[in-house]
Amino acid sequence: MNPKIRKAVFPVAGLGTRFLPATKAMPKEMLTVVDRPLIQYAVDEAREAGIEHLIFVTGRNKAVIEDHFDVQYELEATLSGRGKQEALDLLTKDLPKPGSTSFTRQQVPLGLGHAVWCAREMIGNEPFAVLLPDMLMKGQPGCLKQMVKVYEEWGGNVLAVEECDPSQTHQYGIVGIGAEVGGPAFRINAMVEKPKPEVAPSNLYINGRYILQPQIFDLLSKQEKGAGNEIQLTDAMLRLMDRQYIYGCRFDGETYDCGNKVGFLAANVAFALDRPDIADEFRPELEKLLAR
Ligand code: UTP
């Protein structure tokens, strides 16, 4: 049987330059979609998939993420004093179990591959998940849970993929489709960073969720810089593909790239329209705006 995926890494040390000035003093991962920060959605998705330990790779200006997953005594006492039980329950529900979170720092944002490598001691020698919190997933069940199902059946490494407009492949990491292995899963036989449409091996892009074997750390430890002069996770995964199977899992759902403004705004609208407590009030407001 394949070992259980118990640990998840959340790389949150990036500078979020596309969201300046909002991200000057506040981490991009704390931007809210309706009323929950992006990082909370990613943690919810991980917990739904059975993750027991959450590892955050943070950087400067990111302390508020640690605070978000801690008890807020003053706030809780005030809410309790005012009899605001519903709000209190919400805070308690989101709080991770004591001892189930770890924080490490990526002192310099040298790239996603380097951020993941910073978690190596906390992961040790077991397969693990990586979730990019700025890629917000909407799916039932969540994206990582769908991937865990593929992993339980096939083992190896699993990347979630989704279709993009074939003319837009140059914006994404694109995979090549090898043998179909059943259900949403297939063997990945190529990975190309931002290919032009005419040379792209498919229109399936890597959408920001990974299940990786710990051998990835040996490859990342070489610290080789790739595109953008950053240590890229994709480069290490390409090497890993020579030694191990990497499966693609076609995500049944939608991904919102909240690292860019349009994706972030679309996510707010989509999630608001799905919320029973506000959708009825929000829909006519949206229709009014669209009719302008
Ligand atoms: P992005 O490239 O989308 O994030 O990385 P960024 O660099 O913060 O954003 P821009 O391009 O400047 O606007 C995807 C995820 O990887 C993390 C980011 O925090 C984000 O969650 N990351 C990226 C790191 O943790 N460290 C890095 O060195 C780079």
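Just follow the structure's listing: the first ligand is 1, and inside any ligand the first atom is 1. By convention here, the first residue in the shown sequence is residue 1.
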Look up atom [atom1] in [X] and atom [atom2] in [Y], then write down how far apart they are to the nearest 0.5 Å.
{"X": "Leu88", "Y": "Arg82", "atom1": "CG", "atom2": "CZ", "answer": "12.5 Å"}
{"X": "Thr101", "Y": "Ile65", "atom1": "OG1", "atom2": "CD1", "answer": "12.5 Å"}
{"X": "Asp134", "Y": "Phe19", "atom1": "CG", "atom2": "CZ", "answer": "9.5 Å"}

Nearest-contact summary for [atom] - protein heavy atom, Å:
{"atom": "atom 14 (C) of ligand 1", "value": "Asp134 OD2, 3.8 Å"}
{"atom": "atom 8 (O) of ligand 1", "value": "Gly16 N, 2.7 Å"}
{"atom": "atom 7 (O) of ligand 1", "value": "Leu15 N, 4.0 Å"}
{"atom": "atom 22 (N) of ligand 1", "value": "Gly14 N, 3.6 Å"}
{"atom": "atom 16 (O) of ligand 1", "value": "Leu112 CD1, 3.7 Å"}

Quick one: which ligand 1 atoms are inside 4.0 Å of a heavy atom on [X]?
{"X": "Val12", "result": "19 (O), 25 (O)"}
{"X": "Lys28", "result": "1 (P), 3 (O), 4 (O), 6 (P), 8 (O), 9 (O)"}
{"X": "Pro133", "result": "21 (O)"}
{"X": "Ala115", "result": "24 (C), 25 (O), 26 (N)"}
{"X": "Leu110", "result": "28 (O)"}
{"X": "Pro109", "result": "28 (O)"}

- Arg209/Glu162 salt bridge by N-O under 4.0 Å criterion: no
- Item | Lys288 and Glu285 ion-paired at < 4.0 Å |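 The answer is yes: the pair qualifies as a salt bridge.
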- Message: Heavy atom to atom 11 (O) of ligand 1, shortest distance: which of Lys62, Glu29, Arg18, Glu230 holds it?
- Response: Arg18
- Tell me, please, whether Phe271 has Lys138 positioned over its six-membered ring: NZ or CZ under 6.0 Å from the ring centre and within 45 degrees of its axis?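 Judged by the rule (NZ or CZ under 6.0 Å from the ring centre, within 45° of its axis), Lys138 counts as positioned above Phe271.
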Report the part of [X] (side chain from C-beta onward, or backbone N, CA, C, O) that has a heavy atom under 4.0 Å from ligand 1; answer both or neither where that applies.
{"X": "His114", "answer": "neither"}
{"X": "Thr17", "answer": "both"}
{"X": "Gln106", "answer": "side chain"}
{"X": "Ala13", "answer": "both"}

Test of proximity, [X] against ligand 1: N or O pairs below 3.5 Å:
{"X": "Gly111", "value": "yes"}
{"X": "Pro11", "value": "yes"}
{"X": "Phe19", "value": "no"}

Look at the side-chain heavy atoms of Ile, Leu, Val, Met, Phe, Trp and Tyr, link any pair under 4.5 Å apart, and say whether [X] and [Y] land in one connected group.
{"X": "Tyr41", "Y": "Ile51", "answer": "yes"}
{"X": "Met237", "Y": "Tyr245", "answer": "no"}
{"X": "Ile188", "Y": "Ile177", "answer": "yes"}

- Parallel under 30°, tilted from 30 to 60°, perpendicular over 60°: which one fits the rings of Phe56 and Phe10? parallel
- Could you check if a side-chain atom of Glu76 sits within less than 4.5 angstrom of a side-chain atom of Leu91, using non-hydrogen atoms only? yes
- Message: Using the rule side-chain contact (heavy atoms from CB on, under 4.5 Å), only one of Thr23, Ile39, Val12 pairs with Met30; which is it?
- Response: Ile39
- Message: Please confirm whether Gly259 approaches ligand 1 to less than 4.0 Å, judged on its heavy atoms.
- Response: no
